[in-house]
Structure formats: structure tokens, C-alpha cells
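Residue numbers run from 1 in the order of the sequence given.
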Amino acid sequence: MDRLPPIAEHTKLSTIIQLPDWAKQTTDWSTPYRTDADKMALAIALSRQNVKDGQGGPFATAIFDMDSGLVLSVGVNQVMAAHNSCLHGEMMAIMLAEQRLKTFSLSENNARCELFTSCEPCAMCLGAILWSGVKRLVCAATGDDARAIGFDEGPVFSQSYTYLEKRGIQIQRQLQRDAAKAVLNSYQASGGPIYNG
């Protein structure tokens, strides 16, 4: 690594978390999503567009208010675009939802939020999901599907999901798996980089 310039004491370090403009514009923020199929379709559509746009890995997430069905936030993988290994789709969606609601917990004031993700979360994102306060986690593609194209992002065990369930988080897996897996395969076929390979 080349020598980096020193950081002056008065230099403020910051990270800006923002969605690509297309993600904000293509998400329907005012119409309730009533079915699990529609909610997952949004997450998968975002992951597909992220691949087409060349903005990051083939992963995306949407967080909904369970009572109204409205989208609270979405997140697409921005690891490469933002030069930040923490900016997975789930992390983006959680941070943006908390910022929008001005809270560190998505269960504050008896809120009930659910997180739909195009692929089962990695170890980092599972931890964030636990701490986020969401009441429900719904996944499409499996961790095995992600590993099959080269992404291996840490140890996730069946006990990991059991632990989340014991903490009160409802879990559903493999909803629209084939559609999400097709996005992973298209990413691999297009030569998308495996940034942690």
C-alpha cells in the first residue's frame, strides 16, 4: 500500500449513505404492497437493476411497514460504488429506514417492520437484522446460491436463524428463489466482480 497522506486533527471523517437515483425513482413509495410476492418482487427487481446499472453486487433489500404495506426504505449493494465493504443491500435498507424514521430501532413505538431481501443475509447482515428491530425476515435466493457464483461472506448456520426466531423475528426463506437465483447467475455471466473472492 502506498503511503497515505496524514489526516489532520481537524479533518472530519464521514461516510455518506445514499441510493442510486434510479432506485429512488423506480420504487413506488406511496402505494401499499399487499402481498409477500409483490414485496419480494420489488427486492428482486432492485437487485436486477443494480446488476444492469453496474452499481454493485446482485443483492437488494426492501423494508416495509407491516401494517400499512408501505415501503420504508430500500437498499442495493453499494460495496464497490461507495468503496465500503459494509454497504450490503440489507445494511443500506436498515440504515436508511432508521434515518427516515429518526430512530435506532425499527420496533420503536410498537412499529412492525419486515425486511425482504433478494438473497439470504451474510453474517454481518444477520447481526444487523437482529439489532435493527425488524419483526420479520423474508429471503429469496439461498446462501448456497450466492456461494455457487463465488460470494462467501462468513459463517451463517441453521442455528443463526433459530437464534433470530427465539428473539421474536419471523423467518421465511426461498420465496421466489428461482427469480433471485437468475439475477445471481446473470451477474456471474456478465463477469461481475466477486469483490470478496
A side-chain contact here means heavy atoms from C-beta on lying under 4.5 Å apart; do [X] and [Y] qualify?
X    : Y   : value
T61  : S73 : no
L87  : M95 : yes
L184 : F59 : yes
S186 : P58 : no

Show which side-chain atoms of residues 40-50 pair as donor or acceptor with protein atoms under 3.5 Å away, not counting sequence neighbours.
from: S47; atom 1: OG; to: I44; atom 2: O; distance (Å): 2.7
from: N50; atom 1: ND2; to: G57; atom 2: O; distance (Å): 3.0
from: N50; atom 1: ND2; to: N77; atom 2: O; distance (Å): 3.0

Could you pull out the closest heavy-atom pair between [X] and [Y], with the gap in Å?
X    : Y    : answer
M91  : C125 : CG-SG, 3.7 Å
E120 : R173 : OE2-NE, 2.8 Å
A146 : C119 : CB-SG, 3.9 Å
L70  : P32  : CD2-N, 3.7 Å
A62  : V74  : CB-CG1, 4.0 Å
M92  : V76  : CG-O, 3.5 Å

Count I, L, V, M, F, W, Y as connected when their side-chain heavy atoms are under 4.5 Å apart, and connections chain through other members. Are [X] and [Y] then in the same cluster?
X    : Y    : value
L106 : I17  : no
M80  : V183 : yes
V156 : Y163 : yes

Check the surroundings of atom CH2 in W29: do more than 12 heavy atoms from other residues, nucleotides or ligands lie under 6.0 Å from it? yes
Quick check on R167: does its CZ atom have over 12 non-hydrogen neighbours (other residues, nucleotides or ligands) under 6.0 Å away? no
Between atom [atom1] of [X] and atom [atom2] of [Y], what is the distance when rounded to the nearest 0.5 Å?
X    : Y    : atom1 : atom2 : value
K181 : T142 : NZ    : OG1   : 7.0 Å
L115 : I129 : CG    : CD1   : 5.0 Å
C113 : I63  : SG    : CD1   : 7.0 Å

[X] side chain to [Y] backbone, donor-acceptor under 3.5 Å:
X    : Y    : result
Q170 : L137 : no
Y187 : P193 : yes
D28  : S30  : yes

Would you list the pairs meeting salt bridge (charged side-chain N to carboxylate O under 4.0 Å, His left out) in which at least one residue belongs to residues 121-144, sequence neighbours left out? D36-R136, E114-R136, D144-R147
So is K39 actually on top of Y33's ring, under 6.0 Å and inside 45° of the axis? no
Is a salt bridge present between D67 and R112, judged by a nitrogen-to-oxygen distance below 4.0 Å? yes
Suppose the criterion is side chain to side chain donor-acceptor pair (under 3.5 Å): which pairs have a residue in residues 81-95, not counting sequence neighbours? E90-T117
Would you please classify the geometry between the F116 ring and the F64 ring as parallel, tilted or perpendicular, with 30° and 60° separating the classes? perpendicular
Residues which pass ring pair (Phe, Tyr, Trp, His ring centres under 6.0 Å) with Y161, listed by chain and number, not counting sequence neighbours: none
For residues 97-104, dump all side-chain donor-acceptor pairs below 3.5 Å to protein atoms at least two apart in sequence or in another chain.
from: R100; atom 1: NH1; to: V71; atom 2: O; distance (Å): 3.1
from: R100; atom 1: NH1; to: L72; atom 2: O; distance (Å): 2.9
from: T103; atom 1: OG1; to: S105; atom 2: N; distance (Å): 3.1
from: T103; atom 1: OG1; to: S105; atom 2: O; distance (Å): 3.1
from: T103; atom 1: OG1; to: E108; atom 2: OE1; distance (Å): 2.8

Below 3.5 Å, can you tabulate the donor-acceptor pairs from side chains in residues 18-25 to any protein atom, sequence neighbours excluded?
from: D21; atom 1: OD1; to: K24; atom 2: NZ; distance (Å): 3.3
from: W22; atom 1: NE1; to: D53; atom 2: OD2; distance (Å): 2.8

